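First the structure, then my questions, so here it is.
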Amino acid sequence: MAKIKLTILILILIAASMVSIIAGPSVTFDRDILLRIRLPRVFEAVIAGSSLSVAGVIFQGVLKNPLSDPYILGTSSGALLGAIICFMSGIGHSNVLFYPVVVFFAFGATVSSYFLARTDKNVSNVNLLLAGVVVSTFLTALVIAYLTLNRENALNIFSFVMGGFYQTDKTVLAVAFVFSMAGIITAGILSRYLDVMSLGDEKAVQLGLDANKIKFIFFGLAALITGCAVSVSGTIGFVGLLVPHVARLIFGPAHLRLLLVSGIGGAVFLILADCIARSVFSPAELPVGIITALSGAPFFLWLLRRSRANASE
Amino acid sequence: MPVLEVKNLSFGYNGAGVLKNVSFSLDKGDFTGILGHNGSGKSTLLKIISGILTSDSGAILLNGKPVLSYSRQETARLIGHVPSEIFVPYEFTVFETVLMGRSPYLNWWQGYGRRDFIKTHEVLERAGISHLKNRHLNSLSSGEKQLVFIAQALAQEPEILILDEPTSHLDINHKIEIFALLSGLIKEKGISVIVVTHDLNLAAGYCNKILLLRNGETIYFGNTREGLETEKISRSYGVKNTEALKRIMKGLTA
């Protein structure tokens with residue numbers, strides 16, 4: 001049964017890619033447009049979508065918190081700040097230093113949210129949300145301040161802040177793809193730890209795990225994966241929240257399967273979101289982050305209400 | 001040699017003493033009940049034994065060696081801890097949940113193997129919940145859920161099983177079912193059990209030893225019959241109406 005569902009999902013991925021490549025803002029079979037413009041875009045959506053979704057699965061599992069994802073915890077804004085700092089200091093995408101800096105900031109922001117939320121060795125779901133809001137608001141403020149002071153670059157970076165697929169450099173895409181895949185595969189190998197962690201820290205310790213160490217390893221993996229996504233396409237919200245939840249409803253919570261399915265599902269989601277973003281007001285183009293936020297925010301509210309209802313039972 | 005020895009254990013949260021100088025020991029095959037009022041330090045004691053909390057002073061010996069000399073995984077192969085209540089926000093199946101009890105036997109890169117699946121089936125069978133194996137955790141009654149986490153702890157193949165109020169939300173039928181399961185396991189597998197409970201009836205019926213706590217101090221440790229005397233129970237729980245307690249205790253030990 002699960003195999004059939006997985007096959008269907010893969011078929012949907014292929015179909016979505018075809019639609020996005022051929023249909024785009026207008027149907028065309030021009031070889032140059034298809035291969036040089038639309039194909040890299042779809043590939044970018046695949047990298048960003050699967051990375052952000054997998055990072056969401058990791059956070060939701062390791063923190064036993066269904067309301068977390070890289071956008072909410074500040075991981076994405078950390079990566080964004082890292083990228084902006086790189087641009088400021090003249091370190092571009094092609095510089096080897098770029099990725100470590102971005103990942104370092106993503107990790108730093110995540111750990112900050114986590115420790116801000118922690119009181120007496122306990123991290124409540126609500127505290128974590130609040131801490132995430134504080135951290136990402138602060139970091140985004142820094143980014144906006146930079147944008148305001150450097151108007152000549154603003155338009156370029158603005159699209160980066162709202163998220164979008166404008167990166168067409170093949171090397172950049174390849175590097176981001178390789179590193180994010182490495183992170184995703186590592187998460188897959190370690191997936192049984194996510195299962196145990198989603199029973200809570202205490203249970204994990206009772207089952208012989210070093211809960212704190214595991215948490216930081218997964219924070220590191222999620223930062224790496226998110227950093228890759230943000231490097232190519234900026235911050236895109238709600239993907240990491242929406243996709244894992246839908247995947248869990250259909251495929252169950254066991255993490256090995258969930259990581260795989262969310263990876264594919266995230267790719268499908270962003271391919272379609274991007275397709276909509278550039279078609280609806282064509283020739284003008286919306287940042288893809290607008291589409292994901294418009295669909296993701298109501299979903300998040302619904303989740304929040306549901307988790308409150310569960311908690312008060 | 002006792003399987004578990006707790007010596008002069010003290011522990012405090014932020015300076016407030018929760019446990020003061022607690023000592024007791026557990027022999028192979030013991031069924032020990034820990035009793036005391038709410039906040040007397042019972043759950044904290046269990047958490048220290050299973051390594052979730054570290055004591056401020058005193059020692060815990062597992063098979064004669066200090067508990068801190070074991071790795072976490074080694075400890076988890078010796079002690080199975082069933083918490084009083086556990087909320088899981090995701091819909092794992094019973095089988096998936098019990099399988100996680102095999103974690104202490106896996107290297108970090110390893111996934112579950114054939115042996116782990118066989119063992120999981122075996123403990124599901126033993127706990128009498130094989131028929132629930134494909135059900136979702138949150139669709140179960142609290143009694144069934146309790147059995148799932150007991151089965152998970154059994155999958156750890158522990159020498160000591162500790163349970164924190166396993167029957168507090170259950171009716172008498174399910175209470176007996178769980179205590180009978182525990183006492184059966186002691187006979188079959190030669191394990192030892194520590195159970196925190198508020199239920200004097202069950203303690204009288206199943207435990208061979210009891211530990212009475214009051215405000216983190218030991219009131220009594222020893223065999224159950226002597227421990228369940230009116231005077232000790234009333235001291236441990238601070239019972240004011242001793243006449244009524246006497247009447248109840250008479251029925252218990254008869």
Side-chain angles (χ1 to χ4, degrees), chain A residues 1-2 57 60-68 119-122 125 185-186 188-214 217 244-245 247-258 303 306-313, chain B residues 13-14 43 46-47 49-54 70-93 95-113 116 134 136-138 148-149 152-153 155-156 158 161-164:
Chain A
M1 195 53 199
V57 171
Q60 287 156 27
V62 82
L63 294 167
K64 191 189 172 181
N65 182 345
L67 296 174
S68 44
T119 50
D120 280 340
K121 291 192 172 179
N122 263 320
N125 286 1
I185 290 169
T186 312
I189 293 170
L190 300 178
S191 66
R192 76 181 168 83
Y193 290 107
L194 289 175
D195 290 336
V196 178
M197 288 300 284
S198 51
L199 302 184
D201 284 16
E202 288 197 354
K203 194 69 240 181
V205 172
Q206 289 159 2
L207 291 173
L209 270 56
D210 187 337
N212 281 323
K213 193 164 117 191
I214 288 173
I217 289 172
H245 278 276
R248 213 178 271 117
L249 278 177
I250 303 173
F251 288 86
H255 279 90
L256 183 57
R257 206 178 341 158
L258 190 60
L303 267 183
R306 210 176 67 146
S307 80
R308 284 243 184 95
N310 275 338
S312 61
E313 255 170 24
Chain B
Y13 287 109
N14 308 324
S43 301
L46 294 193
K47 285 183 183 176
I49 294 172
S50 72
I52 295 170
L53 299 170
T54 337
Y70 292 92
S71 74
R72 271 181 207 282
Q73 276 202 311
E74 285 168 341
T75 311
R77 279 177 231 154
L78 291 171
I79 300 178
H81 187 153
V82 182
S84 59
E85 219 176 332
I86 190 160
F87 171 72
V88 183
Y90 309 116
E91 295 283 4
F92 286 104
T93 65
F95 188 86
E96 287 165 342
T97 311
V98 175
L99 185 62
M100 293 183 213
R102 297 299 297 164
S103 298
Y105 293 92
L106 301 177
N107 284 316
W108 68 265
W109 68 88
Q110 266 180 323
Y112 303 105
D116 303 312
N134 293 324
H136 289 152
L137 213 49
N138 294 325
V148 171
F149 282 98
Q152 189 192 54
Q156 294 171 245
L161 197 57
I162 60 185
L163 304 98
D164 195 350

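Here is how names work: the chains are called A, B, and so on, in the same order as the sequence lines, proteins then strands, and each is numbered from 1. Note that the structure is predicted; figures quoted are calculated from it, not measured.
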| message | What's the separation between atom CD1 in B:I86 and atom NZ in A:K64, rounded to the nearest 0.5 Å? | response | 5.5 Å
| said: Rounded at 0.5 Å granularity, tell me how far CD1 in B:I79 sits from CD in A:Q206. | reply: 10.0 Å
| note | Looking only at B:R77, B:E96, B:H136, B:K47, most heavy-atom pairs under 4.5 Å shared with chain A are made by B:K47
| query | With only heavy atoms counted, which part of B:L99 is less than 4.5 Å from chain A, the side chain, the backbone, both or neither? | reply | neither
| Nearest non-hydrogen partners of A:P66 and B:P89, listed with the distance | CG-CB, 3.8 Å
| Residue pair B:S103 / A:V196: nearest heavy atoms and the distance that separates them | OG-CG2, 3.6 Å
| chain B: which of A:S198, A:S191, A:G252, A:G61 shares the most heavy-atom pairs with it under 4.5 Å? | A:S198
| said: Distance check, rounded to the nearest 0.5 Å: B:Q152 atom CD versus A:K203 atom NZ? | reply: 4.5 Å
| task | Using non-hydrogen atoms and a 4.5 Å limit, figure out which bit of A:D201 sits close to chain B: side chain, backbone, both or neither. | result | neither
| said: Nearest 0.5 angstrom please: B:W108 CH2 to A:I217 CD1, how far? | reply: 8.5 Å
| message | Does the plane of the ring in B:Y90 sit parallel, tilted or perpendicular to the ring in A:H255? Use 30° and 60° as the thresholds. | response | perpendicular
| field | Minimal non-hydrogen separation, B:R72 against A:V205, with atom names | value | NH1-CG1, 3.3 Å
| request: Give a yes or no answer on whether the side chain of A:R192 reaches the backbone of B:Q110 with a donor-acceptor pair at less than 3.5 Å. | output: yes
| task | Among the options A:L209, A:L256, A:L190, pick out the one with the most heavy-atom pairs lying under 4.5 Å from chain B. | result | A:L209
